[in-house]
Q: 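Pasting a structure below so you can have a look.
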Amino acid sequence: MMKSRSVGSGLLLLLVGGVIGYGVGLGLDFVVTGVLNFSGSVAGLFALLASVTAFFFGVYGYRGITRGLVWQVLGTILGGLFVTAIRFLMGLRGTELFGTFFFSEPAWVFGALVGAVSFLFGVGVMDDWVKWARGIDTPEHHEDKPGWEKYLGVSLDHKVIGVQYTITALVLISVGGLFALIFRTELAASQLQFLTTTFKLFNQTGPQIYNALMSLHGMIMIVSILLGISGIINYVVPLLLGAHDMAFPRMNAFAFWVAVPASVLLLMSLILGGFETGWTGYPPLSSRGPVGVQMFFLGVFVAGWSSILGALNVIATVMRMRAKGMTAMRLPILAWASVATSIIALTATQLIGLSFQLVMFQRLFGMGFFDPTKGGNPVLFQHLFWFYSHPAVYVFVLPGLGVISELLPVFVRKPLFGYRWVAMSSLGIALVGFIVWAHHMFTSGMNEYLRVPFMYSTLLVAVPTGVKFFSWVATIWGGKISTPTPMLFVLGAIIVFLMGGLSGPPNATVSVDLHLHDTYFIVGHFHDTIFGGFVFPFFAALYYWFPKATGRRMNEFWGKVHFWLMTPSFLILTFGMMRIGLLGMRRRIADYDPALGFDTTHLILTICGFAIALSVLIFLINFFHSMKHGEKAEGNLWASRSPEWQVPSPMAAHNYEVPFEVVGEPYDYGLPGSKYIEFAPAQGKKH
Amino acid sequence: MTHTEDKKSMLSQGIYIFVYLALLTGLEFFVAVTFKSVVLLVVVALVKAALVVYYYMHVYKLNVDGEGDHDSYEYKSGTNRLGLWLFLISDSFVFGGLMVMRINLLGLTHPNLNQLLGLGVTSVLLVSSFFMNRGETMIKNGDRQGFLNNTLITFVLGFLFLIGVVFVEWRIAAHEGLVASFGDPAKGPVGGVFYMMTGMHAFHVLTGLIFLAIVWLNGRKGLYDQKSYPVEAAAVYWHFVDVVWIFFYPALYLIGTVIV
């Protein structure tokens, strides 16, 4: 046992664990198959799991996340062995008993599920619930020790959980971005350069790896977005409301920690044969394919629970934990947006879980849901899938749009224009979002009479979104604009989201969509909406609330470099995508015909992709460096009216020492004598 | 009808509601074997569900004042109640999705199942809901022994339901050729739909049984004599599982013609 825990010893153990895990995996694979497969899946999987676990052991010791990961690995192996034993008793032998990837598919699925549950028990997030079930009471609040160590174990403080969410989201964004860089490099020129058919990794050829990376880029980014919005909401919304925590702190911790084994499962899918379906996982392709498809489905299913329970918590918090006098029409816009987004996440997420579960069961038990030879209906999958996956994009963007409305008045020193309309437009987008899903299926072969109603409902989304744009423009109009980094990202978000919004109606229109479907035009469109609706506001929120969390501010110069490097590169990237999309470039493919003449554009797109990656790298360095070495900023740095800025940074453990009462409108910037909140006299102290 | 808080009348209200539910279930079965009106079956199921949601799950308790001492047990129970209902709303989307799948894949046909057994397990679950309601009312009235007895009866009945579905119904079905992988283009994926719907419901029954066991064991220690919200939560969840079956039972056993 090492005495001093540090990143250095973590990295050392990462190497050692990786080598040992690789050796163990190689050996196990050899026992079953009789071949030494040096780039095989089993060796790769054990190397990944052992190295990550060893890293956290070196940094943190055997507790918290390390214990969770160890339990997950053991749970996976024990669950797999359990099913293998049953199959042995059923009389299966040889390749029937063990699959291509050591375990057979049912063994992997059951093992992975047991592993995910084991993680939750191992990390300790179930401790209090187990005690309650046994009739033992626990203290309502657990005190965290000061310092960074609380972030790697279970904490019930919403601010700690918010940071945990945010950091995990940043890690996943980096992983997903890295995947994008790999396949973007392959796309830089026509023909296959390095992901060739002779390339072998994890039992896959180059093009298969391309497909798996492309699919995982989508899903890992989606999970990272869900974690990112949860991070912002978790950290900020209770502070905006004047609550001392979320409504259900233990479930809050659970919702975060369940996302960690889910992320591990998603990474396992790449190694266990990958999945070539794209993030949508349509059968019949997904009902064949290797075990990786199952790991992908299971990972999304588990991550879905994070989203559902987080959303439940947000709604309960906003409805029950508000400060005195904070009526519905004095609620901060970000809280409104969080509720709107949570309504979708709470309900619709079940449908993606169900649709993926059905394919899993189809594969495991031969059930015929989506198999036409058994009377199943593949289009049904698409309906169930898109019933979540379209509203999901509003889950991604609504909190971001809320951040824009929240921050804009601060930096233009003017009231938010049309508060009520903006508050209601979030709900409007959420509700309309439930009736537009089939616009993804105009070419799917569904009943043709469904096309036109879904076209009109889709175009209807432009109305509440337009309300938001109108409000932003009218808020900026005639304001005293200052442009520190958060404001730059807010403005960038508005412009980029406008580009995404304007490229939307062409896709919604049936006649045009029949041509645009599955082209790079769509890819350009949704990258614009997601960057405008999530990525830019997310960065704005991080720059804006960073001082609240740390008591220091991020470097302005490097923040501006980040913005001015990312924005033009990103706009060129998506406009380029739309251009070649209009000219017929299919999405999701590893290669394209040189005769199409897209080589130059693709090269530019790849360069822009790397420029974005560089800007995010600058951000990450700035982010982690400023935590310790940033300029001190403990006061009301942005001259905000919001309650969290009226107390010194960083926040105290239970937020406000003195409760406050809402006495005015939240966004009346620049109006003399107007007040939003009033702190109660000191004797009104609670806790 | 208004809900009443009087101790005696709460118990007798439970009995009235149970009688209504039993009569409606009988009517449902009668409709299914005689003139097979789908509309009527849907109406009956909706009425049954509404009765359970209002009188057994007392959904009206959600409508409480948002003001008050945020640290009091009442206020926290109100928050927990809201959280539980949000979860149930979320969960009902799973069952709604399964229902959509069933309608899409099987239409106005249903698998060939043992009708007597179906009616039997349905009755068992319905009776268990009645006893759950009694148990919950009794702990609120301060009658610990009555609560324990009724919860135990609920548990036993729930367990019988689970046995009836998983170990009897599934066996009979599989024996008659309705295995999970059964399905053909003319009939639809009957096996998949049947096992997925009953299996998902049975999984929820199982979790409900675990909650009941926890509540019963802790109730014996007197944990809920003053603070009885956990009993209410277990009861509401149990009734929710019953509501799901109120829709799944006609969907799997009664609606439309038999697939042969």
Side-chain angles (χ1 to χ4, degrees), chain A residues 132-137 140 243-244 247-248 251 308-309 311-317 319-324 326-327 342-343 345-355 357-358 361-362 364-377 379-381 383-384 387-388 659 686-687, chain B residues 64 66-71 75-76 78-87 89-98 100-101 103-106 179-196 199-200 210-211 213-215 217-224 230 259:
Chain A
W132 293 0
R134 293 168 58 208
I136 304 165
D137 215 2
E140 189 169 345
H244 52 80
F248 308 114
M251 203 166 69
I308 291 167
L309 297 176
L312 192 163
N313 218 338
V314 172
I315 298 177
T317 305
M319 287 180 79
R320 303 285 295 177
M321 309 284 280
R322 296 191 307 271
K324 209 174 161 206
M326 192 178 280
T327 55
S342 298
I343 290 173
L346 176 74
T347 56
T349 309
Q350 296 283 10
L351 272 292
I352 191 178
L354 180 66
S355 61
Q357 211 178 342
L358 292 177
F361 277 77
Q362 174 167 336
L364 288 177
F365 302 113
M367 293 171 162
F369 310 112
F370 309 121
D371 179 0
T373 61
K374 287 181 176 165
N377 178 7
V379 178
L380 173 66
F381 174 88
H383 280 295
L384 294 175
F387 187 80
Y388 166 72
K686 275 211 215 169
H687 299 298
Chain B
V64 287
E67 297 289 316
D69 178 11
H70 287 210
D71 290 332
Y75 194 85
K76 283 182 181 164
T79 310
N80 289 343
R81 193 175 288 128
L82 173 69
L84 176 62
W85 274 94
L86 288 173
F87 176 78
I89 290 171
S90 176
D91 214 9
S92 58
F93 272 71
V94 177
F95 293 111
L98 285 170
V100 167
M101 171 192 82
I103 294 166
N104 181 276
L105 294 177
L106 299 187
V179 289
S181 58
F182 174 73
D184 71 45
K187 298 171 187 167
V190 196
V193 173
F194 171 68
Y195 285 98
M196 195 71 208
M200 182 66 88
I210 293 171
F211 292 140
I214 291 170
V215 163
L217 288 171
N218 286 334
R220 280 179 26 164
K221 298 181 206 158
L223 233 62
Y224 306 131
I259 304 168

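Labels below follow one simple rule: chain letters A, B, ... track the order of the sequence lines, proteins then strands, and each chain is numbered from 1.
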Q: Rounded at 0.5 Å granularity, tell me how far CD1 in A:Ile315 sits from CG in B:Leu86.
A: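 A:Ile315 CD1 to B:Leu86 CG: 5.0 Å, rounded to 0.5 Å.
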Q: What part of B:Leu98 lies closer than 4.5 angstrom to a heavy atom of chain A: side chain, backbone, both or neither?
A: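 Contact with chain A: backbone and side chain both.
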Q: Out of B:Ile214, B:Val179, B:Asn104, which one racks up the most heavy-atom pairs below 4.5 Å with chain A?
A: B:Asn104
Q: At a 4.5 Å cut-off on heavy atoms, which part of A:Phe361 comes close to chain B: side chain, backbone, both, or neither?
A: side chain
Q: Please classify the contact of A:Ile308 with chain B as side chain, backbone, both or neither, using a heavy-atom distance under 4.5 Å.
A: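 The side chain, not the backbone.
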Q: Just give me the residue among A:Leu354, A:Asn313, A:Thr349, A:Thr317 that pairs up with chain B most often, heavy atom to heavy atom, under 4.5 Å.
A: A:Leu354
Q: Enter the distance from A:Met367:CE to B:Phe194:CZ here, rounded to the nearest 0.5 Å.
A: 10.0 Å
Q: By a 4.5 Å heavy-atom criterion (distance strictly below it), what part of B:Leu217 contacts chain A: side chain, backbone, both, or neither?
A: neither
Q: For A:Gln357, is it the side chain, the backbone, both, or neither that has a heavy atom closer than 4.5 Å to a heavy atom of chain B?
A: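 For A:Gln357, side-chain heavy atoms alone lie under 4.5 Å from chain B.
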Q: Quick one: of B:Gly83, B:Pro189, B:Gly192, who has the most non-hydrogen atom pairs under 4.5 Å with chain A?
A: B:Pro189
Q: Kindly determine whether A:Lys374 and B:Leu105 satisfy side-chain contact (heavy atoms from CB on, under 4.5 Å), including the steps that lead there.
A: CA-CA 10 Å; A:Lys374 287 181 176 165; B:Leu105 294 177; over 6 Å; no
Q: Heavy atoms only, distances under 4.5 angstrom: which of A:Ala133, A:Ala247, A:Ala311 has the most pairs with chain B? Name it, please.
A: A:Ala133
Q: For the atom pair CZ (A:Phe248) and OG1 (B:Thr79), what is the distance rounded to the nearest 0.5 Å?
A: 6.0 Å
Q: Tell me, side chain or backbone of A:Thr347 under 4.5 Å from chain B's heavy atoms, or both, or neither?
A: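 For A:Thr347, heavy atoms of backbone and side chain both lie under 4.5 Å from chain B.
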Q: Specify the closest pair of heavy atoms between A:Arg134 and B:Lys221, including all atoms of both residues, with the distance to one decimal.
A: O-NZ, 2.7 Å
Q: Testing the basics here: between B:Ser90 and A:Gln350, what is the closest heavy-atom pair and its distance to 0.1 Å?
A: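 That would be OG-NE2, 2.8 Å.
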Q: Using a cut-off of under 4.5 Å for heavy-atom pairs, which of B:Gly78, B:Gly191, B:Pro230 has the most such pairs with chain A?
A: B:Gly78
Q: Please report the shortest heavy-atom distance between B:Met101 and A:Phe369, naming the atom on each side.
A: SD-CD2, 3.6 Å
Q: Give, as side chain, backbone, both or neither, the part of A:Leu346 having an atom under 4.5 angstrom from any heavy atom of chain B.
A: both
Q: For the side chain of A:Arg320 and the backbone of B:Asn80, is there at least one donor-acceptor N/O pair under 3.5 Å apart?
A: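 Side chain of A:Arg320 to backbone of B:Asn80: no pair is present.
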Q: Heavy atoms only: give me the nearest A:Thr373-B:Pro185 pair and the separation to one decimal.
A: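 It is O-CD, 3.2 Å.
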Q: Which answer fits A:Met251, side chain, backbone, both or neither, if we ask what part of it has an atom under 4.5 Å from a heavy atom of chain B?
A: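 No part of it gets close to chain B.
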Q: Looking at A:Leu384, A:Asn377, A:Leu309, which makes the most heavy-atom pairs under 4.5 Å with chain B?
A: A:Asn377
Q: Please evaluate residues A:Phe365 and B:Tyr195 with respect to the criterion side-chain contact (heavy atoms from CB on, under 4.5 Å), reporting the C-alpha separation (whole Å), side-chain torsions for both, the decisive distance (0.1 Å), and the verdict.
A: CA-CA 10 Å; A:Phe365 302 113; B:Tyr195 285 98; over 6 Å; no
Q: Please classify the contact of A:Phe370 with chain B as side chain, backbone, both or neither, using a heavy-atom distance under 4.5 Å.
A: neither
